[in-house]
Amino acid sequence: MIIRQRANWLRMLFIWEGSVLKKITVQLSIIAVFSLVILYFDGIIYYHKVHLNPTIFTLIGLALAIFMGFCNTASYDRYWEGRKLWGTLLIECRSLTRQASTLVNAPDESKIPFTKMLAAFCWSLNYQLRNKSGTEHLSRLLSAEQVNYLKDKKHPPVIILDFIGQWISEQNKQKHIDTIMLAAMDSHLSQLSQVIGGCERISNTPLPFAYSVLLHRTVYFYCFWLPFGLVDSLGWMMPVIVLLISYTFIALDAIIYEIGEPFGEEENDLPLNTICRNIEYSIFEQAQIPQEMQESKPASAYVID
């Protein structure tokens, strides 16, 4: 994902990074060439003039805009729910770190693995949602035995959550925390489990395919028929207007598809790597773990994730 300050209106016209224009350049080029051909032949195909009343496109465009608005809302709801889940993850990790740092009566050295397991949990959830089998961060944050145990597991975040629960249980057995504190920390673990379930629900349940197909087909049929309806009324300006309208509809179609899968690695998906780095930095700082043990500092205002 790209996170950057909003530029002035002139620069916004030419920004390339973060725009879906690069994905639809081919489609727009084909439509532009098609429009020029229709203009050159004045809307005549095989000696027959194709008469399409512009009013038809007004009605179809209105219906298409309403349907695209519905799909866009559904996609953005998925995107925003994913962001809220990762925001909850940050809050719960900070709460658990605070409780371990201030309420667990154990040596500080024994609390470091707990904080590392929280950071590893975030990275493992990132890996799972992006269908990666990476162990770079897990090897850095977990013990060799834990990493080896996770190798053949299909749901590493759940297993790491068990590691964290075992650490809390061990502190209770050693009388470092009482049963009330045990229940409080277990409640936070339940919240982390709900975060996993919420993210898996979004990842494993995409928008209904029928919606995507219908929207995609309608947008392209509309854009390719539009030159016939505007060639007589607009003349040489027709390709320009068709290109502008096509850009609006096709770009929105691309955006709907992109943000509907918020855990991917495209420019407008959620910046999971950056969020994981920020969580790790935050809880390590909170637990007073030396900076040299951290993966990196928090991301700057301009991020490509």
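Across all their heavy atoms, Ile283 and Ala119 have their closest contact at CD1-N, 3.9 Å. Between Cys122 and Cys276, the closest heavy-atom pair is O-SG, 3.5 Å. Residues Lys116 and Arg140 come closest through the heavy atom pair NZ-O, 4.4 Å. Residues Leu141 and Ala120 come closest through the heavy atom pair CD1-N, 3.5 Å. Taking all atoms of both residues into account, the shortest heavy-atom contact from Leu85 to Cys199 is CD1-N, 3.5 Å. Minimum heavy-atom separation, Ser124 to Ile160: OG-CD1, 3.4 Å.
Follow the hydrophobic side-chain contacts under 4.5 Å out from Leu90 and you reach Trp80 in the same cluster. Put simply, Val50 and Val37 are part of two different groups of oily side chains (I, L, V, M, F, W, Y) that touch within less than 4.5 Å, one to the next. Hydrophobic clustering places Leu226 together with Ile45 (ILVMFWY residues linked when any side-chain heavy atoms are closer than 4.5 Å, directly or through intermediates). Ile275 and Ile91 are assigned to two separate hydrophobic clusters, defined by single-linkage of ILVMFWY side chains at heavy-atom distances under 4.5 Å. Both Tyr220 and Val26 are members of a single hydrophobic cluster when ILVMFWY side chains are connected at heavy-atom separations under 4.5 Å.
A donor atom on one side chain and an acceptor atom on the other are found under 3.5 Å apart for Glu280 and Trp123.
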List the atom pairs, with distances to 0.1 Å, where a side-chain N or O of residues 233-248 and a protein N or O form a donor-acceptor pair under 3.5 Å, not counting sequence neighbours.
| from | atom 1 | to | atom 2 | distance (Å) |
| --- | --- | --- | --- | --- |
| Ser233 | OG | Leu230 | O | 3.4 |
| Ser246 | OG | Val242 | O | 2.7 |
| Thr248 | OG1 | Leu244 | O | 3.1 |

Please report, to 0.1 Å, the donor-acceptor pairs under 3.5 Å made by any side chain of residues 252-263, with sequence neighbours excluded.
| from | atom 1 | to | atom 2 | distance (Å) |
| --- | --- | --- | --- | --- |
| Asp253 | OD2 | His216 | ND1 | 2.9 |
| Glu258 | OE1 | Lys23 | NZ | 2.4 |
| Glu258 | OE2 | Asn268 | N | 3.0 |
| Glu258 | OE2 | Asn268 | ND2 | 2.9 |

Identify all side-chain donor-acceptor contacts of residues 179-194 below 3.5 Å with residues at least two apart in sequence or on another chain.
| from | atom 1 | to | atom 2 | distance (Å) |
| --- | --- | --- | --- | --- |
| His188 | ND1 | Glu92 | OE1 | 2.5 |
| His188 | NE2 | Gln99 | NE2 | 3.3 |
| Ser190 | OG | Asp186 | O | 3.2 |

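With sequence neighbours excluded, the residues satisfying ring-ring contact (aromatic ring centres under 6.0 Å, His included) with Trp225 are Phe228. With sequence neighbours left out, Phe221 forms a ring-ring contact (aromatic ring centres under 6.0 Å, His included) with no residue at all. Considering only residues two or more places apart in sequence or on other chains, Tyr76 meets the ring-ring contact (aromatic ring centres under 6.0 Å, His included) condition with Tyr79. Partners of Tyr222 by ring-ring contact (aromatic ring centres under 6.0 Å, His included), not counting sequence neighbours, listed by chain and number: Phe57, Phe249.
A side-chain donor-acceptor contact under 3.5 Å links Arg78 to the backbone of Thr205. Checking side-chain atoms of Thr102 against main-chain N and O of Arg98 turns up a donor-acceptor pair under 3.5 Å. A donor-acceptor distance shorter than 3.5 angstrom exists from the side chain of Ser143 to the backbone of Gln146, with no hydrogens or angles considered. Under the 3.5 Å distance criterion, the side-chain polar atoms of Ser169 are left unmatched by any main-chain donor or acceptor of Gly165. Side-chain N or O atoms of Glu265 include none that pairs as donor or acceptor with a backbone N or O of Arg130 at under 3.5 Å. Side chain of Ser282 to backbone of Asn278: no donor-acceptor contact under 3.5 angstrom is found. Between the side chain of Trp167 and the main chain of Ser110, a donor-acceptor pair closer than 3.5 Å is present.
Screening residues 51-69 for side chain to side chain donor-acceptor pair (under 3.5 Å), with sequence neighbours left out, gives Asn53-Thr55. For residues 217-235, the set of pairs meeting the salt bridge (Lys or Arg N to Asp or Glu O under 4.0 Å) definition, not counting sequence neighbours, comprises Lys49-Asp232. For residues 51-62, no pair satisfies salt bridge (Lys or Arg N to Asp or Glu O under 4.0 Å), with sequence neighbours left out. Screening residues 193-204 for salt bridge (Lys or Arg N to Asp or Glu O under 4.0 Å) gives Glu81-Arg201 as the qualifying pairs, with residues at least two apart or on separate chains.
Going from atom CG of Asn172 over to atom CD of Gln174 covers 10.0 Å, rounded to the nearest 0.5 Å. Taken to the nearest 0.5 Å, the CD atom of Gln166 stands 8.5 Å off from the CE atom of Met117. Note: Leu118 CG to Thr97 OG1 = 5.0 Å, rounded to the nearest 0.5 Å. The OG1 atom of Thr218 lies 6.5 Å from the CG atom of Leu215; values are rounded to the nearest 0.5 Å. Atom CD1 in Ile15 sits 12.0 Å away from atom CG in Leu21 (nearest 0.5 Å). The distance from the OH atom of Tyr127 to the OG1 atom of Thr135 is 7.0 Å, given to the nearest 0.5 Å.
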Working for side-chain contact (heavy atoms from CB on, under 4.5 Å), residues Tyr40 and Leu36: CA-CA 6 Å; Tyr40 179 79; Leu36 290 171; over 6 Å; no
Verdict with supporting geometry, Leu103 and Ile177, side-chain contact (heavy atoms from CB on, under 4.5 Å): CA-CA 7 Å; Leu103 301 176; Ile177 57 175; 5.8 Å; no
Cys71 and Leu207: CA distance, side-chain angles, deciding distance, side-chain contact (heavy atoms from CB on, under 4.5 Å) verdict: CA-CA 9 Å; Cys71 291; Leu207 288 173; 5.6 Å; no
Working for side-chain contact (heavy atoms from CB on, under 4.5 Å), residues Leu142 and Leu150: CA-CA 10 Å; Leu142 300 176; Leu150 289 170; 3.6 Å; yes
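Crowding of Gln288 atom CD: a count of heavy atoms from other residues, nucleotides or ligands under 6.0 Å not exceeding 12. Environment of CZ in Phe67: crowded, with over 12 heavy atoms of neighbouring residues, nucleotides or ligands closer than 6.0 Å.
For Phe121 and Phe163, the gap between ring centers reaches or exceeds 6.0 Å.
Under a 4.5 Å side-chain heavy-atom criterion applied to ILVMFWY residues, the cluster that includes Phe209 comprises Val213 as well.
At least one side-chain heavy atom of Ile196 sits under 4.5 Å from a side-chain heavy atom of Val158.
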